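Given the structure is predicted, the values throughout are model-derived calculations rather than measurements. In this chain, residues are counted from 1 in sequence order. Every heavy atom of this structure was used, including side-chain atoms; hydrogens, water molecules and symmetry mates were not. Indexing begins at 1, ligand by ligand and atom by atom, following the structure's order.
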Amino acid sequence: MAESLTESAVKRLVVLVSGSGSNLQALLDAVAEMGPAAYGAEIVAVGADRDGIEGLARAERAGLPTFVCRVKDHESREAWDAALTEVVASHEPDLVVSAGFMKLLGKEFLARYGGRLINNHPALLPSFPGTHAVRDALAYGVKVTGCTVHLVDDGVDTGPIIAQAVVEIRDEDDEDALKERIKEVERRVLVDVVGRIARNGYRIEGRKVVIL
Ligand code: GRF
């Protein structure tokens, strides 16, 4: 399947966050340093599933529109998903980046943004999916782990893989130390992948994603 991003030169990104937003910051810095035209994309809004997080503060400092869509403010998970889809759609994104967004996106969101929804995960998928990927990799005793940028489908971290990078595990690593080393790599990979996809487009062939 060929993906059809709009033909506009600068792609519109909505970034979803739940925490510190260091991946968001890396994207903000790349756009600021290179300029939207050279990077190929601009961030048009940042959304979260909770208030009071550094991710939203980073967006506000960058002068970007933000929104918060909390599950507990909605009657059901489906109603939350519909509301999130609507608020994201109001910013007319070409691509949505889930950068540390800690909620599974629902049917309506995926129907609208499936194939244009990018997530980063702190492990080499398909190993260690889910919310405790770094802890699980350490507990398993693997010697290398890393990060994965992938398209989101309706499973947990199961969508087609766009890019991966390896991080070696050191004997002295604890969860926090390893998490930080993975995040350094993951920020670089995310910035690179989003920029190349925005500038060049991409194609999905079954489970394979080819950046053009
Ligand atoms: C990243 O490690 C990402 O892989 C995971 O959550 C973390 C987000 O970090 N899903 P930050 O909020 O971008 O600093």
Side-chain angles (χ1 to χ4, degrees), residues 13-32 41 43 45-62 64 66-71 84 95-106 109-110 113 117-140 142 144-170 173-195 197 209:
L13 308 180
V14 167
V15 181
L16 301 177
V17 295
S18 296
S20 76
S22 67
N23 282 281
L24 164 67
Q25 189 66 55
L27 290 166
L28 287 168
D29 292 348
V31 176
I43 300 172
V46 174
D49 62 333
R50 61 198 76 185
D51 302 298
I53 54 170
E54 179 59 16
L56 286 173
R58 290 180 195 271
E60 279 154 19
R61 287 198 292 273
L64 289 173
T66 62
F67 56 88
V68 175
C69 190
R70 302 189 303 180
V71 173
L84 183 66
L95 288 169
V96 180
V97 182
S98 156
F101 188 65
M102 299 305 282
K103 291 276 184 305
L104 288 179
L105 293 153
F109 200 96
L110 292 174
Y113 291 110
L117 173 58
I118 294 171
N119 183 49
N120 59 354
H121 181 77
L124 293 173
L125 293 171
S127 292
F128 311 118
T131 44
H132 303 299
V134 178
R135 189 187 308 168
D136 293 346
L138 273 175
Y140 199 94
V142 290
V144 294
T145 184
C147 63
T148 301
V149 179
H150 66 98
L151 292 168
V152 178
D153 66 7
D154 59 2
V156 178
D157 301 321
T158 51
I161 290 170
I162 307 171
Q164 295 185 298
V166 171
V167 174
E168 286 191 20
I169 296 183
R170 300 174 185 158
D173 269 338
D174 61 12
E175 190 179 345
D176 286 344
L178 182 56
K179 229 182 224 170
E180 277 316 305
R181 276 211 324 289
I182 292 173
K183 281 175 73 164
E184 277 172 31
V185 176
E186 147 173 268
R187 291 191 282 262
R188 284 202 295 275
V189 176
L190 185 70
V191 165
D192 173 63
V193 163
V194 169
I197 278 183
V209 182

Task: Any L64 side-chain heavy atom under 4.5 Å of L28 side chain - done: yes

- [ ] Please round to the nearest 0.5 Å and tell me the distance separating atom CG of L16 and atom CD1 of I118.
- [x] 11.5 Å

Open item on the list: I'd like to know whether CD of E168 has more than 12 heavy-atom contacts from other residues, nucleotides or ligands below 6.0 angstrom.
Closed with: no

Open item on the list: On a heavy-atom basis, which atom in A99 and which in N23 lie closest, and how many Å separate them?
Closed with: CB-CB, 3.9 Å

Measure and list all N/O to N/O distances between ligand 1 and the protein that fall under 3.5 angstrom.
| unit_1 | atom_1 | unit_2 | atom_2 | d |
| --- | --- | --- | --- | --- |
| ligand 1 | 2 (O) | E186 | OE2 | 2.5 |
| ligand 1 | 4 (O) | N120 | O | 3.4 |
| ligand 1 | 4 (O) | E186 | OE1 | 2.6 |
| ligand 1 | 4 (O) | E186 | OE2 | 3.2 |
| ligand 1 | 9 (O) | K183 | NZ | 3.1 |
| ligand 1 | 12 (O) | S20 | N | 3.3 |
| ligand 1 | 12 (O) | S20 | OG | 3.4 |
| ligand 1 | 12 (O) | G21 | N | 2.7 |
| ligand 1 | 13 (O) | S22 | N | 3.2 |
| ligand 1 | 13 (O) | N23 | N | 2.9 |
| ligand 1 | 13 (O) | N23 | ND2 | 2.8 |
| ligand 1 | 14 (O) | S20 | OG | 2.5 |
| ligand 1 | 14 (O) | S22 | N | 2.8 |
| ligand 1 | 14 (O) | S22 | OG | 2.6 |
| ligand 1 | 14 (O) | K183 | NZ | 2.7 |

- [ ] May I ask you to test the F128-T148 pair for a side-chain heavy-atom distance under 4.5 Å?
- [x] no

Task: Where L110 and L117 come nearest, the two heavy atoms and their spacing - done: CD2-CD2, 3.7 Å

